Undergrad: 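What follows is a single structure, and I will ask about it in a moment.
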Amino acid sequence: MTISGKARLAGVMGWPVAHSLSPRLHNFWIEQHGIDGAYVPLPVRPEHFDDAVRALATLGFAGVNVTVPHKQAALAVADRVEPLAARIGAANTLIFDAGGAIEARNTDAFGFAENLRASEGPDVLRRGPAVLVGAGGSARAVVAALVDAGAPEIRIVNRTRAKAEAIANSLGTPCAVVDWDRRGEALEGAMLLVNATTQGMQGQPPLDLALDRLPREAVVTDLIYVPLETPLLAAARARGNRTVDGLGMLLYQALAGFTAWFGVAPKVDEALRRFVLAGLAGG
Ligand code: NAP
């Protein structure tokens, strides 16, 4: 690693942030491209978020990724907000210009879409009805990606129905809300199933969803990547559905920020995936 007086600096701001794989991921690319720079973890309490972002812009950082719980605050602190981030209502990438002005972008929607396209082909988001389980922060990016890709129908199922309705109302016409109690029926005729809840994460119970009505041709994906194969993905694979894990979304969402901060367009490939996975395993 080279750090000269002209080094470019970026990082990830979260609270907590120690679990984040973003430093490992970005520093892999920094090393691979022989870049004079570094990407560092930035643990910042919510009450200090605005001051911390402005300070980094003043200090000459090129920008930061923003993770839980700061993704909404990242919109408010920005001088410019990209239209997609405004629609989603959250930003995960901040880019500082030479004058210190802050631009907010959301690259989670791209990360979600590109991960699926890379594995299942360019039409995977628009082959037929999509069922989204969950209506939290990341679900908004998933719906934006599906709408923009031309999904003909998006069925949103969430334990708290009002949150699914809020997403459907703000993000577009192909959305329909289905009651939590009817989530099994919602799978009828679906071509894509997305889990955007926290159910199935390490330490959490599996997502409570019977797959019997899901067509075998449907692709099943989970945003969770710890574990890499969630109980939902294991059950889907066992009955013959194709599955896509959530790690690729993390890798693809990182591309745009890295390119803007370090001036090099990196690649998501098997070597990167293996390196980041080794970090998950504590390597
Ligand atoms: P969030 O805003 O906290 O939303 C959590 C969602 O899970 C809500 O829809 C919530 O339903 C649902 N939920 C929680 N407990 C539940 C239960 N017992 N039964 C049914 N539903 C339950 O979380 P988020 O930020 O959207 O993240 C969701 C997941 O995506 C997390 O596992 C996160 O790690 C993952 N993620 C991955 C990536 C990636 O790059 N791969 C990016 C972002 C997020 P209610 O509304 O009813 O509470």
Side-chain angles (χ1 to χ4, degrees), residues 12 14-17 19-26 65-74 85 88-93 105-116 118-119 131-145 154-168 171 175 177-184 186 193-210 220-233 243-258 268 272-273 276-277 279-280:
V12 54
W15 185 260
V17 81
H19 65 283
S20 174
L21 290 170
S22 291
R24 191 171 173 91
L25 154 57
H26 285 270
N65 281 128
V66 172
T67 186
V68 179
H70 303 312
K71 286 188 177 183
Q72 273 95 29
I88 292 171
N92 68 332
T93 303
R105 296 189 194 170
N106 188 307
T107 67
D108 281 335
F110 172 82
F112 168 76
E114 204 56 23
N115 182 36
L116 276 169
S119 163
V131 176
L132 167 66
V133 189
S138 58
R140 298 186 66 87
V142 169
V143 173
I154 305 165
R155 304 171 189 161
I156 311 176
V157 191
N158 193 49
R159 181 181 59 174
T160 309
R161 186 183 162 102
K163 281 164 71 179
E165 279 168 355
I167 296 185
L171 282 169
C175 297
V177 175
V178 180
D179 276 338
W180 184 246
D181 291 347
R182 310 192 70 174
R183 59 195 180 283
L193 168 62
V194 183
N195 178 33
T197 75
T198 49
Q199 300 296 280
M201 257 172 97
Q202 198 171 64
Q204 294 284 331
L207 179 67
D208 180 14
L209 177 64
V220 181
T221 188
D222 208 316
L223 267 50
I224 292 168
Y225 52 83
V226 183
L228 202 56
E229 185 173 70
T230 60
L232 171 70
L233 294 187
T243 61
V244 181
D245 67 59
L247 183 62
M249 176 174 172
L250 177 80
L251 305 181
Y252 283 105
Q253 63 76 34
L255 288 170
F258 190 92
V268 171
L272 174 72
R273 192 178 152 88
V276 173
L277 265 179
L280 270 180

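Order of appearance sets the numbers: ligands from 1, and atoms from 1 within every ligand. Because the structure is a prediction, the values reported are computed rather than measured. Residue numbers run from 1 in the order of the sequence given.
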Undergrad: Would you mind reporting whether Leu255 and Thr107 have side-chain heavy atoms less than 4.5 Å apart?
TA: no
Undergrad: Should the proximity of Met249 to ligand 1, defined as any heavy atom under 4.0 Å, be assigned to the side chain, the backbone, both, or neither?
TA: both
Undergrad: For atom 44 (C) of ligand 1, what is the nearest protein heavy atom, given as residue, atom name and distance?
TA: Ser138 CB, 3.7 Å
Undergrad: Asp222 and Thr230: side-chain donor and acceptor closer than 3.5 Å?
TA: yes
Undergrad: So which heavy atom in the protein is nearest atom 37 (C) of ligand 1, and how far is it from that ligand atom?
TA: Leu223 O, 3.1 Å
Undergrad: Can you tell me if Asn158 uses its side chain to pair, donor with acceptor, with the backbone of Ala135 under 3.5 Å?
TA: yes
Undergrad: Which heavy atom of the protein is the closest neighbour of atom 48 (O) of ligand 1, given with residue, atom name and distance?
TA: Arg159 NH2, 2.9 Å
Undergrad: Output the list of atoms in ligand 1 that are nearer than 4.0 Å to some heavy atom of Tyr225, sorted by atom number.
TA: 39 (C), 41 (N)
Undergrad: Starting from atom 5 (C) of ligand 1, locate the nearest protein heavy atom and write down its residue, its atom name and how far away it is, to 0.1 Å.
TA: Thr198 CG2, 4.0 Å
Undergrad: Quick test of your reading of the structure: of Gly134, Ala196, Gly137, Ala141, whose heavy atom lies closest to atom 28 (C) of ligand 1?
TA: Ala196
Undergrad: Relative to the heavy atoms of Met201, which atoms of ligand 1 are at a distance of less than 4.0 Å?
TA: 32 (O)
Undergrad: For a 4.5 angstrom cut-off between non-hydrogen side-chain atoms, does Cys175 reach Val143?
TA: yes
Undergrad: Determine whether any heavy atom of Phe112 lies closer than 4.0 Å to an atom of ligand 1.
TA: no
Undergrad: For Arg273, which residues count as a salt bridge (Lys or Arg N to Asp or Glu O under 4.0 Å) partner, sequence neighbours excluded?
TA: Asp245
Undergrad: Apply side chain to side chain donor-acceptor pair (under 3.5 Å) to Thr197 and list each qualifying residue two or more places apart in sequence or on a separate chain.
TA: Asn195
Undergrad: Among all protein heavy atoms, pick out the one at the shortest distance from atom 10 (C) of ligand 1; state its residue, atom name and that distance to 0.1 Å.
TA: Asn158 OD1, 4.0 Å
Undergrad: Of the side chain and backbone of Gln199, name the one, both, or neither that has a heavy atom under 4.0 Å from an atom of ligand 1.
TA: side chain
Undergrad: Using a 4.0 Å heavy-atom cut-off, say whether Pro205 meets ligand 1 through its side chain, its backbone, both or neither.
TA: neither
Undergrad: Under the side chain to side chain contact (heavy atoms under 4.5 Å, CB included) criterion, do Lys71 and Asn106 qualify, and how do the steps go?
TA: CA-CA 9 Å; Lys71 286 188 177 183; Asn106 188 307; over 6 Å; no
Undergrad: For Asp108, state whether at least one heavy atom is located under 4.0 Å from any atom of ligand 1.
TA: no
Undergrad: How far is atom 29 (C) of ligand 1 from its nearest protein heavy atom, and which residue and atom name does that atom have?
TA: Thr197 O, 3.5 Å
Undergrad: What residue and heavy atom of the protein are closest to atom 40 (O) of ligand 1, and at what distance?
TA: Leu250 N, 3.3 Å
Undergrad: Short check: is a protein heavy atom less than 4.0 Å from atom 33 (C) of ligand 1?
TA: no
Undergrad: For Pro69 versus Trp15, what's the shortest heavy-atom pair and its separation?
TA: CD-O, 3.5 Å
Undergrad: Just need the protein heavy atom nearest to atom 47 (O) of ligand 1, so name the residue and atom and give the distance.
TA: Thr160 OG1, 2.5 Å
Undergrad: Does any N or O atom in Leu247 lie less than 3.5 angstrom from one in ligand 1, N or O only?
TA: no
Undergrad: Please list, in number order, the atoms of ligand 1 under 4.0 Å from a heavy atom of Lys163.
TA: 45 (P), 46 (O), 48 (O)
Undergrad: Only heavy atoms of Ile224, strictly under 4.0 Å: list the atoms of ligand 1 that pass.
TA: 32 (O)
Undergrad: So does Leu250 get a backbone contact from the side chain of Gln253, meaning a donor-acceptor N/O pair under 3.5 Å?
TA: yes
Undergrad: Between Arg140 and Asp108 (salt bridge meaning N to carboxylate O under 4.0 Å), is one present in this structure?
TA: no
Undergrad: Give the intermediate values and the outcome of side chain to side chain contact (heavy atoms under 4.5 Å, CB included) for residues Asp208 and Arg183.
TA: CA-CA 9 Å; Asp208 180 14; Arg183 59 195 180 283; 3.1 Å; yes
Undergrad: Assess the residue pair Leu171 and Ile154 against the criterion (side chain to side chain contact (heavy atoms under 4.5 Å, CB included)); give the C-alpha distance rounded to whole Å, side-chain angles, the decisive distance to 0.1 Å, and a yes or no.
TA: CA-CA 11 Å; Leu171 282 169; Ile154 305 165; over 6 Å; no
Undergrad: If you count the atoms of ligand 1 from 1 in the order shown, which ones are under 4.0 Å from a heavy atom of Trp180?
TA: 20 (C)
Undergrad: Assess the residue pair Leu209 and Val157 against the criterion (side chain to side chain contact (heavy atoms under 4.5 Å, CB included)); give the C-alpha distance rounded to whole Å, side-chain angles, the decisive distance to 0.1 Å, and a yes or no.
TA: CA-CA 11 Å; Leu209 177 64; Val157 191; over 6 Å; no
Undergrad: Please check if a non-hydrogen protein atom sits closer than 4.0 Å to atom 3 (O) of ligand 1.
TA: no
Undergrad: On the 0 to 90° scale, with breaks at 30° and 60°, tag the His26-Phe258 ring pair as parallel, tilted or perpendicular.
TA: parallel
Undergrad: Under 4.0 Å, counting heavy atoms only: does Ala135 come that close to any atom of ligand 1?
TA: yes
